[in-house]
Amino acid sequence: MDYNFRVIEEKWQRYWREQQTYRTHETPGQKKYYVLDMFPYPSGAGLHVGHPLGYIASDIVSRYKKLKGFNVLHPMGYDAFGLPAEQYAIQTGQHPKLTTRQNISRYREQLDKIGFSYDWSREIRTCEPDYYKWTQWIFIQLFHSWFNCLTKKAEPIEKLISAFEQHGLNCNAPQFLTGDIEKSVQSFSAAEWKGMTEKEKSDVLLNFRLAYLSDAWVNWCPALGTVLANDEVKDGFSERGGYPVERKLMKQWSLRITAYAERLLHDLDDIDWPESVKEAQRNWIGRSEGTSIRFKLVNHDGFVEVFTTRPDTVFGVSFLTLAPEHELVNLITAPEYRSKVEEYVKGASAKSERERQTEVKKVSGQFTGAYVLHPFTGEHIPVWVAEYVLAGYGTGAVMAVPGHDQRDYLFAKHFNLPIREVVSGGNTEVEAYTAKEGLLVHSGFLNGLGVKQAIHEAILEIEKLGIGKGQVNYRLRDAAFGRQRYWGEPIPVFYKDGIPHTIEESELPLLLPEIDTFQPTESGEPPLARARDWKYRGKYEYETTTMPGWAGSSWYFLRYMDANNEKEFVSKEAVNYWQQVDFYLGGAEHATGHLLYLRFWTKFLFDLGFIPVKEPARKLINQGMIQGVSAFVYRINGTHKFVSAGLRDQYETTPLHVDVSIAPNHILDIEKFRDWREDFGDAEFILEDGIYRCGAEVEKMSKSKYNVVNPDDIIAEYGADTLRLYEMFLGPLEQSKPWSTQGINGVHNFLRRWWRMFNISGDRCVLSEEEPTAAELKVLHKTIRKVEEDVERFSFNTTVSAFMICVNELSDLKCHKRAILEPLVILIAPYAPHFAEELWHLLGHQNSVTSASFPEWKEEYLVENDFEYPVSINGKVRFKINLSLQLSKEEVEQNVLRSGEIVKFIQGTPKKVIVVPGRIVNVVV
RNA sequence: GCGCAUGUGGCGUAAUUGGUAGCCGCGCCAGACUUAGGAUCUGGUGCCGAGAGGCGUGGGGGUUCGAGUCCCUCCAUGCGCACCA
């Protein structure tokens, strides 16, 4: 009987569904294993062959661990809120709820065809109220929490309120956050706190809440009509859609992820994640140690506070620079410079983020006419405004030390400002000396010290004078959390007398209201402002922004543990059993976005005692991207003529993408091409060798590039098991590679060879019940060991070739013995589940192969008696000699030197003979 | 500019600890069988060379009895960050 994958795959998919084979329950006492895929956004384009790569790998791990006796949690769901559905809704008027549901059912059909072992009873959809109810609930917990810098964790806001009631607020006390937001908070006494109005108290508390409302500089994307978080902006353009982004000051909900900067950085050491992801997170967090220094203003009250990592160079300061947005600029500018400064600031703010970034190399700035006093020399130091200083980092002001900082140096050269050498070792005539080596010179009390020592001494002195203190700064910014969009979780907040309040937990979920059109209002308010009669308790205005796409994905791994719980986001029993993800698989593009928010929310929920773990996933692997191979035709400009790729140099042409399905092996099917698009109907062609060759290029797989390959097509032709094996066979999981069906036949033929080995006749395998030989047992046990070792280190491509080698060897041995073949069915079950299930039943089993146990390999079948030693002379292998492995090093050496072949290569006694037992012999002459 | 990956036959790749480089598959070459197939089976296939032999893991250098693997340096490609004081 032939291997009829169409019948087999359909049959077992139905069986698994009916038997609920993949349903998982918490079983205390049984060891658990949690395998998680990064869930997909269900786009209208459906799955392409790149998506399942990771899903197949994680499915193999799940099935393998199950066979190994683990209770495996392997769920799937959908990251279902997001911009594309909403953009589509704006264009077509279709409710995003409907298109999202349609897309999800398409995804589900495609996923089912591949034969995954997901427990679909735990499916989640972030856009459904039974899920986003808990996303809103977590937001409420964030709102009612603050970060205590003494205990280094989140605590209920009530604790802060009672501290205010007893002691007031001392901004210099260490437990209070001091960052860019909090600097606007003034100290107050307990009595003053008690005297404050509700509004005043609320404003103070917003400076501490982990979810807070504030005026903040945000990334505003006019084309999308919304604010974006930093990780959603790439090079000044929106990640989704590629629209320009500008800076805008607006009232905005944010999450205080900066409070967790230190822990997010520190705990990276404890998790088994790719070094590249950890490094990206370290860079994103951007910790730097330094000190603040306050420079007293001349002719004004107050001071300019700077942050520097090089307080040792304080004697080399020749000017101060403020960011154009700095609040002091307006205040301190001298009358005679006012118009010039205003012009400069205006010019700076008119620029887009993009323009600012591309003009990085251009030096620009403007003197304000103001001066500060040098804290140690008393010298007057001019204050400038310049774009190279970022408002959002540190204090938005720098002390410029041109001798030892590249940017300051360029600035000083450009404006002819003094350059002072204070660390010896370089030549400040030529360039800035930025190395942290050398001795301090021209630096008062720091003279003669090394850089490290000088930094230490300088901080001590600065702190002694009370003009600053040692500080750690982070590049990480708080995350903008409100989106001026419709298709997201409503933020569960209403406003009473201008004060934000969260709704009662018992009133959750706050449902997304129905509106007539998904566009912003005429006055520019977010779409939710269109909702009629949408008021809290009929009285109070709701918040009209919604949560960003990453809200729902920041905690979803917990919901799978207890997906249908209506009382809690996850039960204690479930989370105590499943703990955290053991194996998390997803794309590398989430290194700093999703994965940072996920870790942040996990730590927060841990702090409040809701969950027992402070990291979401112990092990993370990034699967590589499967790229598309696009095909191109070359149209001769201004004509309907297309020239074959090899001849295109002779003409002026424009390359056009052509659908890969009408250009098999990059040879254009001319008839199909003419039918493909109406305007190509009368196309003419210049051929080479009688055919039209297309150009090829590796690009991202996408609809617009006509290079998408649908797994459904591969399955129709070869079956899901072939697709699964082939995707694994393509190479290491982490590596990106272009999709090519070259070689898929090899994998398919391998399955057919395996199938034939089982001698299937009617509805059973006709196998020999004979005792296996030593050679056969060796093949079996070698394969078991290889497959086990390779899955454990997530090396799936090598497992597939191990299966192939196994079949080749058993074919050579003409083995058709049950004792050998039956365990092999269990071995391959994680990779080719339908195939294995069919064979398992043909072998006479009544139960599913998924309930079998993974076979154990035994050393006794693998021991070798002899070894064919390669003998190398001076490192070059010259001949081989078969010797017993029982021989000692000396005996091996004697055997080699006595052998007939050695005389061809050496005369007399060798200098040295190295014997590595069981490996190699090297003779040095 | 900085950081992180990755460079091995015509192609995808393998070599888990420094120990026979090229397993497995594709492709290609030769052959067998035939109910002529996108089937199956056998043999061959890193490069140069008729052969003996030589050369070979991006280039150069080093450590070592021995290097794809370790160290230094340069080059190429991909990704991330980029005025972060």
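To find a chain, count down the sequence lines: A is the first, B the second, and so on, and within it residues start at 1.
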Trainee: Would you classify I805(A) as touching base, sugar-phosphate or nothing, given that sugar-phosphate means primed atoms plus P, OP1 and OP2, and contacts are heavy atoms under 4.0 Å?
Mentor: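 Result for I805(A) = sugar-phosphate.
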
Trainee: Are F5(A) and F835(A) near enough that their ring centres are under 6.0 Å apart?
Mentor: no

Trainee: Using heavy atoms to find the nearest nucleotide of RNA chain B for Y474(A) and D812(A) separately, return the residue whose nucleotide is more 5′.
Mentor: D812(A)

Trainee: Would you mind classifying the nucleic acid contact of V916(A) as base, sugar-phosphate or nothing, using non-hydrogen atoms under 4.0 angstrom?
Mentor: base

Trainee: Sticking with atom C1', work out how far A39(B) lies from C48(B), rounded to a whole angstrom.
Mentor: 38 Å

Trainee: Measure from CG on N745(A) to C1' on G37(B) and round the result to the nearest Å.
Mentor: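 Rounded to the whole Å, the gap is 12 Å.
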
Trainee: Expressed in whole Å, how much space separates the P atoms belonging to A52(B) and A5(B)?
Mentor: 44 Å

Trainee: Can you tell me how far C1' of G3(B) sits from CG of N283(A), to the nearest Å?
Mentor: 6 Å

Trainee: Expressed in whole Å, how much space separates the P atoms belonging to U35(B) and G43(B)?
Mentor: 24 Å

Trainee: Of all the choices, G25(B), C65(B), U16(B), which nucleotide is nearest to the side chain of R793(A) once you look at every atom?
Mentor: U16(B)

Trainee: Closest to the A280(A) side chain: U20(B), G38(B), G80(B)?
Mentor: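 The closest nucleotide is G80(B).
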
Trainee: Between R919(A) and Y388(A), who's closer to the 5' end of RNA chain B by nearest nucleotide?
Mentor: R919(A)

Trainee: Hey, does Q742(A) reach any base, or is it just sugar-phosphate, or nothing, if we go heavy atoms under 4.0 Å?
Mentor: sugar-phosphate

Trainee: Examine C41(B): is either OP1 or OP2 under 4.0 Å from a nitrogen or oxygen in the side chain of R753(A)? Give yes or no.
Mentor: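 True: R753(A) side-chain N/O within range (under 4.0 Å) of C41(B) OP1/OP2.
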
Trainee: Any base atoms under 4.0 Å from K278(A), or only sugar-phosphate, or nothing? Heavy atoms, all strands.
Mentor: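 Nothing, no nucleic acid heavy atom in range.
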
Trainee: Which one of F750(A), W739(A), Y718(A) satisfies the ring-ring contact (aromatic ring centres under 6.0 Å, His included) criterion with Y726(A)?
Mentor: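 When ring-ring contact (aromatic ring centres under 6.0 Å, His included) is applied between Y726(A) and each of F750(A), W739(A), Y718(A), only W739(A) qualifies.
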
Trainee: Atom OG in S884(A), atom CZ in F867(A): separation rounded to 0.5 Å?
Mentor: 12.5 Å

Trainee: Just the rounded figure in Å: distance from C1' of U40(B) to NE2 of H748(A).
Mentor: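 Taking NE2 of H748(A) and C1' of U40(B), I get 14 Å after rounding.
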
Trainee: If the P atom of A85(B) is compared with that of G9(B), how far apart are they to the nearest Å?
Mentor: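 Taking atom P in both A85(B) and G9(B), they lie 43 Å apart.
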
Trainee: Which whole-number value in Å describes the distance from Q735(A) CD to C79(B) C1'?
Mentor: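 Nearest whole value for this atom pair: 14 Å.
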
Trainee: In this structure, how many angstroms lie between the P atom of C79(B) and the CD1 atom of I626(A), rounded?
Mentor: 17 Å

Trainee: Taking syn as within 90° of 0 and anti otherwise, name the glycosidic form of G46(B).
Mentor: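 The base of G46(B) is oriented anti (glycosidic angle more than 90° from 0).
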
Trainee: When you compare the side chains of T722(A) and H748(A), does any donor N or O come within less than 3.5 Å of an acceptor on the partner?
Mentor: yes

Trainee: Examine H374(A) together with F315(A) and report whether their ring centres are nearer than 6.0 Å.
Mentor: yes

Trainee: Can you check the distance between C71(B) and U77(B), where both ends of the measurement are the C1' atom (answer in whole Å)?
Mentor: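 Going atom to atom, C1' in each nucleotide, I get 24 Å.
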
Trainee: With a 4.0 Å limit, can you tell me whether N749(A) has a side-chain N or O closer than that to the phosphate oxygens OP1/OP2 of U40(B)?
Mentor: yes

Trainee: Using Watson-Crick and G-U wobble pairs with both distances under 3.5 Å, what is the 5'-to-3' dot-bracket string of RNA chain B, with [ ] for crossing pairs and | for pairs outside the strand?
Mentor: (((((((..(((......[....)))((((((.......))))))(((....)))..(((((..]....))))))))))))....

Trainee: NA contact type, E717(A), heavy-atom cut-off 4.0 Å: base, sugar-phosphate, or nothing?
Mentor: base

Trainee: Using the side-chain heavy atoms of Y393(A), tell me which of these nucleotides is nearest: U16(B), U20(B), A85(B).
Mentor: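 Ranking U16(B), U20(B), A85(B) by closest atom to the Y393(A) side chain puts A85(B) first.
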
Trainee: With heavy atoms under 4.0 Å as the rule, sort F879(A) into base, sugar-phosphate or nothing.
Mentor: nothing

Trainee: For A76(B) versus G37(B), give the span between their C1' atoms, rounded off to a whole number of Å.
Mentor: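 After rounding to an integer number of Å, I get 45 Å for this pair.
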
Trainee: Tell me the interatomic distance from R287(A), atom CZ, to A85(B), atom C1', rounded to whole angstroms.
Mentor: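 In whole Å, A85(B) C1' and R287(A) CZ are 16 Å from each other.
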
Trainee: Check whether any side-chain N or O of N797(A) sits under 4.0 Å from OP1 or OP2 of A14(B), and answer yes or no.
Mentor: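 It does, given that an N or O in the side chain of N797(A) lies less than 4.0 Å from OP1 or OP2 of A14(B).
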
Trainee: Which part of the nucleic acid, if any, lies within contact of P732(A), taking any heavy atom under 4.0 Å across all strands shown: a base, the sugar-phosphate backbone alone, or nothing?
Mentor: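 Counting heavy atoms under 4.0 Å across all strands, the contact made by P732(A) is with sugar-phosphate only.
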
Trainee: Determine: side-chain N/O of R282(A) to OP1/OP2 of C4(B), distance under 4.0 Å, yes or no.
Mentor: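 No.
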
Trainee: Report the nucleotide, chosen from U16(B), G80(B), C4(B), that has the shortest atom-to-atom distance to any side-chain atom of E279(A).
Mentor: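 Between U16(B), G80(B), C4(B), the one nearest the side chain of E279(A) would be C4(B).
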
Trainee: Determine the interatomic distance between C1' on A15(B) and the same-named atom on U69(B); round to the nearest Å.
Mentor: 10 Å

Trainee: Using the ring of Y3(A) (Phe, Tyr or Trp, six-membered ring only), decide whether R752(A) places NZ or CZ under 6.0 Å from its centre and within 45 degrees of its axis.
Mentor: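 The answer is no, since R752(A) fails at least one limit relative to Y3(A).
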
Trainee: Please tell me if S288(A) has a side-chain N or O lying less than 4.0 Å from either OP1 or OP2 of A85(B).
Mentor: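 It does, given that an N or O in the side chain of S288(A) lies less than 4.0 Å from OP1 or OP2 of A85(B).
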
Trainee: Rounded to whole angstroms, how far apart are CE on M728(A) and C1' on G25(B)?
Mentor: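 For the pair M728(A) CE and G25(B) C1', the rounded distance is 16 Å.
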
Trainee: Please evaluate the base of G38(B) for a donor-acceptor partner in the side chain of Y718(A) within a cut-off of under 3.5 Å?
Mentor: yes

Trainee: Base, sugar-phosphate or nothing for R878(A)? Non-hydrogen atoms, less than 4.0 Å.
Mentor: sugar-phosphate

Trainee: Counting side-chain heavy atoms from C-beta on, which of C65(B), U16(B), C4(B) comes nearest to E789(A)?
Mentor: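 Taking heavy atoms from C-beta onward, the closest nucleotide is U16(B).
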
Trainee: Answer yes if the side chains of E788(A) and Y64(A) hold a donor-acceptor pair under 3.5 Å, and no otherwise.
Mentor: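 No, Y64(A) and E788(A) have no side-chain donor paired with an acceptor closer than 3.5 Å.
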
Trainee: Base, sugar-phosphate alone, or nothing: which one does E589(A) contact when heavy atoms must sit under 4.0 Å apart?
Mentor: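 No contact at all - E589(A) keeps every heavy atom at 4.0 Å or more from the nucleic acid.
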
Trainee: Can you see whether N707(A) engages S630(A) through a side-chain donor-acceptor pair at a distance of less than 3.5 angstrom?
Mentor: yes

Trainee: Hey, does R785(A) reach any base, or is it just sugar-phosphate, or nothing, if we go heavy atoms under 4.0 Å?
Mentor: nothing

Trainee: Looking only at the aromatic ring of each residue, does the gap between the centers of F415(A) and F319(A) stay below 6.0 angstrom?
Mentor: no

Trainee: Under a 3.5 Å threshold, yes or no: a donor from one side chain and an acceptor from the other, between D478(A) and T258(A)?
Mentor: yes

Trainee: Which whole number of Å gives the distance between the P atom of C28(B) and that of G10(B)?
Mentor: 16 Å

Trainee: Of all the choices, U20(B), C55(B), U16(B), which nucleotide is nearest to the side chain of K876(A) once you look at every atom?
Mentor: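 Looking only at heavy atoms from C-beta outward on K876(A), the closest nucleotide is C55(B).
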
Trainee: So if I take every side-chain heavy atom of W284(A) and compare against U20(B), C65(B), C81(B), which nucleotide ends up nearest?
Mentor: C81(B)

Trainee: Please work out if D408(A) contacts a base, only the sugar-phosphate, or nothing of the nucleic acid, heavy-atom cut-off 4.0 Å.
Mentor: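 D408(A): no heavy atom of the nucleic acid under 4.0 Å.
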
Trainee: Cut-off 3.5 Å, side chains only: do Y388(A) and D408(A) have a donor facing an acceptor?
Mentor: yes

Trainee: Roughly, in whole Å, what's the span from CG in L268(A) to C1' in G3(B)?
Mentor: 15 Å

